[in-house]
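Below is one structure; the comments refer to it alone.
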Amino acid sequence: MQLIKFIKQHPFKSVFLKHVSMLGASTGSVLLIGMVNMMIVVRYLSRDELGIFIMMEIIVEFLAVVSHAGADIALTQILATSTEDDKPSISSTSLVFRGFTLLCIFMVFISSKSFFFMLSGSREVQGGTLYIFLLLFVYGYRNLLRLILEGYLCFKSIMKIDITISILNLLIVTVAVVLLKMNLAGVIYARVLSSLLGCFFLYRAIPGKKIFTFRLDHLKKVIKIGFPLQLNDITAFFASRLGSIIVASMLGPASLASLEIARKIPSILRRFFQSFRSVYLPSFSQLSMNQETRSEASLLMNRSLMIVMVIFGAAAVFTSFFAGAIITMLFSEKYLSAINIFIISMISVQFGVAGNILGTSLVAMGETKSATKVNIVGSVFALPLNFIIIPLWGAIGVPVVEIVGSCFGICGNSLFLNKKLVKIQFVFLLPVCITTIFCLSAFIFPTDKLWYKTLTVLVYVACNLFIYFLPPMKQFVFQRT
């Protein structure tokens, strides 16, 4: 009742929660459909075929990241603060520029594809140049159009289109893989066709008139803000994907498939967080730019940290103790060897999300260079760790390095936020520490006893309720601005 009363007294926060709920519902529906899709794919594709497809996606993801020159990242913030007259020309300029950069980066890829294929750990990836080309263009434009709609605050349209694309992808996969037995090619064509239709729907959903123009002044403005974030995105890519590349090149596509299956549910949690982040970024930006509402921005950040950590922690503990049953039910017994990787990955999610909220807050305040510095230094620090830990520990070393990098990000982003006089309440670290202890107990002391698992999860819930309703914590969560 206190929370409901608090929301009613703060209209901005009620709108914020409405948008988060809307995108969260959309993401939940998309992920549920995507999980059904994955359950089909893993049963019809071998571990090697799945690993090859994942490696293609990693190559496409890298090419998409290096090709946008920061324009994609800054676009949402610029559209959210621009006049209605400027928005159509800014959107059109971004679309034209994206097509040019995608063509350029693909030509660079063609000239150096032997290097990319060497890293993939499989000769079969070499036959996927056409697939990579198709995936790159639909992936790049789909992300850009989605960011444009976020800049217009059209979260309801995004929700409907995301669900539609997921259903289309599932239907095409069912026909191509299950009925026509196209295996890997069927999965790729399903992704391309559904994303292509998604681009069409997203473009049609952009409000107002649609014009075809290119304005250099708009492009300069977008790149000026976004280029530092381009470096941020590249370093974030290597921080999150370098381990997968090393596993593929050293251990082969089958090991990469096991690693990615273990990280599937953690990635689902990250996708849920992206729905929150899509609303948090423009909302925090609006509050932090005005000195009178700076305290509300700080409060929004701290409450977000606390609530997200509690929710993600509960998901991590429950799935860690029932990891074997979850993996068998969703992905079949051939991936049971990935249980330990799964547990450590669930711990990694919480640390990563905490660092992301702090980093996003820096970006929203216009401190793009500070956020980039943190990510670059963190990635440089994590780079040698990947080459040391993965050969020693195998694929489980990937989430371990992620945890170390996230801890560095939390410290670095907190330092810069404090310099900007944004007060951080570090009470959010309490649920993070409790979650880590309980997840590690599932890792160190595995058991098949249902009563033990259930009792441990209940004890974890009791611990969180205890700290959450302590008087100092309660005052922090529901204090008035």
Side chains of [X] and [Y] in contact at under 4.5 Å (non-hydrogen atoms):
X: I344; Y: I403; value: yes
X: F312; Y: P431; value: no
X: T435; Y: I347; value: no
X: L136; Y: I59; value: no
X: L50; Y: I261; value: yes
X: R215; Y: I90; value: no
X: L429; Y: M309; value: no
X: Y141; Y: L95; value: yes

Kindly compute the distance separating [atom1] ([X]) from [atom2] ([Y]), expressed to the nearest 0.5 Å.
X: C154; Y: I148; atom1: SG; atom2: CD1; answer: 11.0 Å
X: T101; Y: F106; atom1: OG1; atom2: CZ; answer: 14.0 Å
X: F387; Y: L392; atom1: CZ; atom2: CG; answer: 13.5 Å
X: I339; Y: S258; atom1: CD1; atom2: OG; answer: 11.5 Å
X: F273; Y: S304; atom1: CZ; atom2: OG; answer: 8.5 Å
X: L102; Y: F97; atom1: CG; atom2: CZ; answer: 10.0 Å

For the backbone of [Y] and the side chain of [X], can you confirm whether one donor and one acceptor N or O come within less than 3.5 Å of each other?
X: T93; Y: H218; result: no
X: S166; Y: D162; result: yes
X: Y335; Y: V42; result: no
X: E402; Y: G352; result: no
X: N169; Y: I165; result: no
X: S361; Y: I357; result: yes
X: Y460; Y: A314; result: yes

Let me see the working for L145 and I206 under side-chain contact (heavy atoms from CB on, under 4.5 Å), right down to the final yes or no. CA-CA 8 Å; L145 289 165; I206 297 174; 4.0 Å; yes

Using 4.0 Å as the upper bound for N to carboxylate O, is an ion pair formed by E260 and K264?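 Judged by the 4.0 Å cut-off on N to carboxylate O distance, K264 and E260 do not form a salt bridge.
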
With a 4.0 Å cut-off on N to O distance, would you call E57 and R241 a salt bridge?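 Salt bridge between E57 and R241, a charged N being under 4.0 Å from a carboxylate O: no.
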
Quick check: are there more than 12 heavy atoms from other residues, nucleotides or ligands sitting under 6.0 Å from NZ of K373?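 Counting other residues, nucleotides and ligands, NZ of K373 stays at 12 neighbours or fewer.
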
Is the F237 ring parallel, tilted or perpendicular to the F62 ring (thresholds 30°, 60°)?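 It falls in the tilted class, 30° to 60°.
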
On a heavy-atom basis, which atom in [X] and which in [Y] lie closest, and how many Å separate them?
X: V317; Y: F438; answer: CG2-CB, 4.0 Å
X: L358; Y: I410; answer: CD1-O, 3.8 Å
X: A395; Y: I341; answer: CB-CD1, 3.6 Å
X: A205; Y: S157; answer: CB-CB, 4.1 Å
X: R98; Y: S67; answer: NH1-OG, 2.6 Å
X: G397; Y: I390; answer: C-CG1, 4.3 Å

Whether the R263 and S244 side chains hold a donor-acceptor pair (N or O, under 3.5 Å, no angle test) is what I'd like checked.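 The answer is yes; a qualifying pair exists.
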
Please walk me through it: do N143 and R146 pass side-chain contact (heavy atoms from CB on, under 4.5 Å)? CA-CA 5 Å; N143 282 356; R146 199 177 190 278; 5.5 Å; no

Evaluate I396 against F342 for side-chain contact (heavy atoms from CB on, under 4.5 Å), listing each step before the verdict. CA-CA 9 Å; I396 201 172; F342 172 79; over 6 Å; no

Apply side-chain contact (heavy atoms from CB on, under 4.5 Å) to M35 and L330, showing your working. CA-CA 8 Å; M35 184 59 70; L330 298 179; 3.9 Å; yes

